[in-house]
Amino acid sequence: MQQIQIERTTNPKMKPQASELGFGKYYTDHMFMLDYDADKGWHDARIVPYQPITLDPAAKVFHYGQTVFEGLKAYRTEAGEVVLFRPEMNMKRLNRSNDRMSIPQIDEQLALEALRQLVLIDQDWIPEAPQTSLYIRPYVIATEAALGVAPSKQYKFMIIMSPVGAYYAEGIKPVSIYVESDYVRAVAGGVGHVKTAGNYAAGLKAQEGATVQGCTQVLWLDGVHRRYVEEVGSMNVFFRIGDKVVTPALTGGLLPGITRDSVIRLLKHWGLQVEERLISIDELVQAQQDGSLKEMFGTGTAAVISPVGSLYWQDEHLQIQDGTAGELSMRVYETITGIQSGQLDDPFGWRVML
Ligand SMILES: *Cc1c(COP(=O)(O)O)cnc(C)c1O
């Protein structure tokens with residue numbers, strides 16, 4: 001594995017107060033960079049002071065969106081250790097995204113080692129207040145200056161990090177969701193199953209529409225039938241219907257979340273029946289009406305669990321039970337955040353101590 005060169009900053013920044021953190025507003029003192037050239041492969045692994053980068057205006061990423069990203073977090077446990085949550089899953093997924101976007105594979109061991117060294121160098125940036133963390137954003141951009149539509153011959157892989165505040169600073173409040181029946185996020189065979197920038201740009205319009213209806217997030221239906229539920233905002237989605245937990249199967253239009261995988265494994269470990277299958281909006285509305293829809297929640301790294309209180313569908317707000325966070329949602333939330341913060345045992349070996 002290639003050596004990682006380290007250039008430390010001589011000019012460390014002021015760290016924000018826990019109360020000012022928010023999401024993605026501040027960046028740490030260092031960043032990781034790795035370059036790719038068709039004739040050299042990936043080279044020049046380095047940690048450098050956080051700084052702007054210079055790109056040719058013709059760089060392919062600006063024109064054709066050849067880019068992928070990841071998102072994960074580092075946590076500080078009560079005992080003071082630095083912990084990552086299943087980081088090897090992020091680097092595997094990064095390479096699956098790379099493959100789909102015709103970006104060359106990255107040595108996952110090198111990427112994990114870069115992550116480890118970068119987090120250790122900037123570990124004082126991991127906030128300590130409850131539920132805060134250091135959000136980590138690995139990403140790849142196509143940098144070749146050429147307007148022909150073809151895979152770039154040059155790339156940059158970078159990792160930047162941002163201290164983030166408690167997602168639920170005011171306690172867990174269930175969100176209202178707008179069921180989107182015009183716009184779609186993705187279609188099977190496209191790129192909905194990988195983390196690439198265009199998926200998010202394409203979702204903004206629907207998100208704006210949801211806001212106008214007083215909703216926080218969009219519930220995405222599949223692109224072919226406009227009938228099967230896929231994701232909520234940029235989270236995976238779960239439903240407790242009767243005595244089962246149901247989540248959309250990975251049919252190609254949705255992202256295989258690491259939190260999704262963790263939640264499925266946890267629920268099965270608790271002896272619950274989990275089904276990964278197609279779920280139509282009609283089935284959901286029916287279950288809401290006959291009372292068998294007990295809970296609905298989104299899952300993702302940023303929030304971990306995001307309970308849903310109501311669905312806006314065909315000009316009606318359909319409340320889920322009493323509109324408060326469900327008991328299973330809360331139990332899953334407490335367990336996963338407890339494993340991440342080191343307050344609970346880690347029976348699955350998900351924590352990686354640095
Ligand atoms: C990142 C992401 C998720 C959640 O994935 P996690 O690995 O759990 O953070 C779900 N859906 C979309 C569209 C995403 O981009």
Side-chain angles (χ1 to χ4, degrees), residues 23-24 65 67-75 84-98 100-101 108 111 115 133-140 161-162 164 167 175 177 180 183-188 190-207 210 216-223 228-239 247-267 274 276 296-308 329 332-333 335-337 339-340 348 350-352:
F23 185 82
T67 177
V68 300
F69 70 94
E70 269 303 324
L72 70 161
K73 285 174 167 179
Y75 309 85
L84 298 172
F85 186 74
R86 311 184 76 187
E88 68 292 343
M89 299 279 285
N90 293 93
M91 295 314 176
K92 275 206 187 92
R93 187 170 65 190
L94 180 76
N95 266 338
R96 285 203 307 271
S97 299
N98 281 338
R100 178 64 183 83
M101 302 306 290
E108 287 165 28
L115 185 63
S133 58
L134 184 66
Y135 183 78
I136 304 168
R137 169 56 59 87
Y139 61 113
V140 183
M161 306 195 295
S162 171
V164 297
Y167 196 90
V175 293
I177 297 296
E180 177 58 67
Y183 298 113
V184 300
R185 195 189 82 91
V187 287
V191 295
H193 61 303
V194 300
K195 277 182 120 69
T196 189
N199 287 335
Y200 305 85
L204 298 175
K205 189 84 182 160
Q207 176 62 46
T216 320
Q217 289 287 348
V218 172
L219 185 70
W220 294 107
L221 301 180
D222 78 280
Y228 299 104
V229 172
E230 297 209 315
E231 299 207 57
V232 54
S234 40
M235 287 186 283
N236 295 116
V237 63
F238 286 76
F239 307 93
T247 192
L250 299 176
T251 48
L254 56 145
L255 205 278
I258 295 162
T259 318
R260 175 186 182 277
D261 180 78
S262 307
V263 169
I264 293 174
R265 289 178 57 182
L266 193 60
L267 293 172
V274 184
E276 296 178 58
M296 169 175 174
F297 56 93
T299 69
T301 295
V304 185
I305 299 295
S306 176
V308 174
S329 315
V332 172
Y333 177 79
T335 307
I336 293 186
T337 54
I339 292 174
Q340 290 168 337
F348 309 96
W350 287 339
R351 270 196 304 255
V352 173

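Values in this document were obtained by computation on a predicted structure and should not be read as measured data. Numbering of ligands and ligand atoms starts at 1, following listing order.
A side-chain donor-acceptor contact under 3.5 Å links Thr67 to the backbone of Val140.
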Go ahead and list the nitrogen or oxygen contacts between ligand 1 and the protein that come in under 3.5 Å, distances to 0.1 Å, or just say none.
residue, atom, partner, partner atom, Å
ligand 1, 7 (O), Arg93, NH1, 2.8
ligand 1, 7 (O), Arg93, NH2, 3.1
ligand 1, 7 (O), Ile258, N, 2.8
ligand 1, 8 (O), Ile258, N, 3.3
ligand 1, 8 (O), Thr259, N, 2.9
ligand 1, 8 (O), Thr259, OG1, 2.6
ligand 1, 9 (O), Thr301, N, 2.9
ligand 1, 9 (O), Thr301, OG1, 2.6
ligand 1, 11 (N), Glu231, OE1, 2.5
ligand 1, 11 (N), Ser234, O, 3.4
ligand 1, 15 (O), Lys195, NZ, 2.7
ligand 1, 15 (O), Tyr200, OH, 2.3

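When the ring pair (Phe, Tyr, Trp, His ring centres under 6.0 Å) test is applied to Phe69, the partners found at least two apart in sequence or on another chain are Tyr200. Not counting sequence neighbours, the partners of Arg137 by the side-chain hydrogen bond (donor to acceptor under 3.5 Å, both in side chains) test are Tyr135. Taking the side-chain hydrogen bond (donor to acceptor under 3.5 Å, both in side chains) definition, one finds that Glu88 meets it with nothing, sequence neighbours left out.
Comment: Glu70 engages Arg93 in a salt bridge, judged by a side-chain N to carboxylate O separation of less than 4.0 angstrom.
In this pair, Phe85 and Trp350 present their aromatic rings perpendicular. The plane angle is above 60°, beyond the 30 to 60° band.
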